Amino acid sequence: MPELPEVETVRSGLAPSLTGAVVDSIEILDVRSLKRHAGGPADFEATLTGRRILGVVRRGKFLWLPLEARDGDPEGKPIALVGHLGMSGQMLLRNPGHSEDKLTRVIVHATEADGTKTEFRFVDQRIFGSLAIDVLIPTTDGAPGGFSAGVAVGESWENLIPHSAAHIARDPLDPSFDSAKFLAKLRTKNTGIKRAILDQNLISGVGNIYADESLWQSKLHYDQQAKTLSAAKAKELLTAIGDILTAAVKVGGTSFDEQYKNVNGESGYFEISLNAYGRTGTECNRCGTPIQRDSWANRGSHFCPRCQRLR
DNA sequence: ATGGACACCTGTGGGC
DNA sequence: TGCCCACAGGTGTCCA
């Protein structure tokens, strides 16, 4: 469920507590949450325990925590704890002794830089999300691997990205996002516009909610071929994406059920301003026509059949 | 390069 | 109340 604004809300919530914190111990309640860790649960625990966390970084929907190097690291390569929330993941910070959170899969016990004890709890209903330790490699453009405003320890990890996230394009809130390059590439794509903006190799961070919202905002049908967009229309769409993601980050992400929570276990409020997603049958806020939901690519697409015509 | 189907999972809500 | 089906914010892989 979480898209860029939800993941950014989690990132900014984790950073003050976890930057500079040291991992004391790990509790693995469900090994399936570690399925993307190549070495298995025992290796995960051994590699993470005793490490200092250097920062909290995000690109698109991927989060990672660069870890302090130590003797015995394979090939002396820097590593990070990489997290993805999948459809239903949550990362909660709890005081020791806090009541248990349902569907908790992994708990990392840590001591913050000021000595405070804390618990980082990875909660995930559907287990499409994961935690894994991965090597960090240099970014191809030499710029920082992702977004990590604020506190940090050192900068040896700055221009690196986890190997498992290296194929993910920069997101539109990344200072190193190249708008001109994205727009040019978008207009060569021989595919529908929604498919294109959901392609994390082209632009990252956009998921089903914000895709539908951005297309509604710029009056585009989800199946409109990307290559038919004028330069101006493509730019209008990118502006809508940026504006909507920014607005959603400001209110702490979107949530309409128990599945998305910030690190304190609280929900966001963006649902009040959704114009298309989840509004099947209700009147379009622009023209009054009922919003339609089509089955599309094994999921749903919400749009106004009058404002967003296929051309 | 593109797209479709499917796999990975659990939980909830609606209809009957 | 119980059962079955549809549906849910994502990603990766295999196969035409």
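Here the structure is a predicted model, which means the values were calculated and not measured. By convention in this document, chain letters (A, B, ...) are assigned in the order of the sequence lines, proteins followed by strands, and residues within each chain are numbered from 1.
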For the student: nearest non-hydrogen atoms of [X] and [Y], plus distance:
{"X": "A:Glu100", "Y": "A:Arg121", "value": "CA-NH1, 3.7 Å"}
{"X": "A:Lys227", "Y": "A:Asn190", "value": "NZ-OD1, 3.5 Å"}
{"X": "A:Gly205", "Y": "A:Gln200", "value": "N-OE1, 3.0 Å"}
{"X": "A:Leu160", "Y": "A:Pro78", "value": "CD1-CG, 3.7 Å"}

Handout entry: Complementary nucleotide for B:dG15 - Watson-Crick or wobble, under 3.5 Å
Key =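 Here B:dG15 is engaged in a pair, and the nucleotide opposite it is C:dC3.
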Practice task
Please tell me which of A:Ser164 and A:Gln125 maps to the more 5' nucleotide of DNA chain C, matching each residue to the nucleotide holding its nearest heavy atom.
Solution key: A:Gln125
Any side-chain N or O of [X] below 4.0 angstrom from OP1/OP2 of [N]?
{"X": "A:Arg195", "N": "B:dG4", "answer": "yes"}
{"X": "A:Lys35", "N": "B:dC8", "answer": "no"}
{"X": "A:His84", "N": "C:dG10", "answer": "no"}
{"X": "A:Arg126", "N": "C:dC7", "answer": "no"}
{"X": "A:Arg105", "N": "B:dC9", "answer": "no"}

Exercise for the section: For the side chain of A:Ile127, starting at C-beta, report the closest nucleotide among C:dT11, B:dC9, B:dT2. Expected result: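 Per side-chain heavy atoms of A:Ile127, the pick is B:dC9.
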Handout entry: Nearest to side-chain heavy atoms of A:Arg293, which nucleotide of C:dG12, C:dA8, B:dT2
Key = C:dA8
Measure [atom1]/[X] against [atom2]/[N] and give the value in whole Å, please.
{"X": "A:Asn208", "N": "C:dT11", "atom1": "CG", "atom2": "C1'", "value": "13 Å"}
{"X": "A:Asn201", "N": "C:dT11", "atom1": "CG", "atom2": "P", "value": "10 Å"}
{"X": "A:Arg299", "N": "B:dG3", "atom1": "CZ", "atom2": "P", "value": "15 Å"}
{"X": "A:Asp30", "N": "B:dC9", "atom1": "CG", "atom2": "P", "value": "9 Å"}
{"X": "A:Leu85", "N": "C:dT11", "atom1": "CG", "atom2": "P", "value": "10 Å"}
{"X": "A:Glu6", "N": "C:dG10", "atom1": "CD", "atom2": "P", "value": "9 Å"}
{"X": "A:Arg32", "N": "C:dT11", "atom1": "CZ", "atom2": "P", "value": "20 Å"}
{"X": "A:Asp199", "N": "C:dG10", "atom1": "CG", "atom2": "P", "value": "13 Å"}

Problem - Ring-base stacking, A:Phe128 with B:dC8 (5.5 Å, 30° cut-offs) - result: yes
Handout entry: A:Asp171 bridged to A:Lys61 by N-O distance under 4.0 Å
Key = no
Handout entry: Polar side chain donor-acceptor pair, A:Ser33 to A:Asp124, under 3.5 angstrom
Key =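 The criterion, which ignores hydrogens and geometry beyond distance, is not satisfied for A:Asp124 and A:Ser33.
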What integer number of Å spans the [atom1] atoms of [N] and [M]?
{"N": "C:dA6", "M": "B:dA5", "atom1": "P", "answer": "15 Å"}
{"N": "C:dG10", "M": "B:dA1", "atom1": "P", "answer": "24 Å"}
{"N": "B:dC8", "M": "C:dC3", "atom1": "C1'", "answer": "25 Å"}

Need one value for [X]: base, sugar-phosphate or nothing, where a base atom within 4.0 Å counts as base even if backbone is also close, heavy atoms only.
{"X": "A:Lys61", "result": "sugar-phosphate"}
{"X": "A:Leu103", "result": "sugar-phosphate"}
{"X": "A:Asp124", "result": "nothing"}

Do you reckon [X] sits in the same ILVMFWY cluster as [Y], going by side-chain contacts under 4.5 Å, direct or chained?
{"X": "A:Phe182", "Y": "A:Val206", "value": "yes"}
{"X": "A:Leu92", "Y": "A:Leu34", "value": "no"}
{"X": "A:Ile209", "Y": "A:Trp216", "value": "no"}

Restricting to nitrogen or oxygen on both sides, can you table the protein-nucleotides 13-16 of chain C pairs closer than 3.5 Å?
none

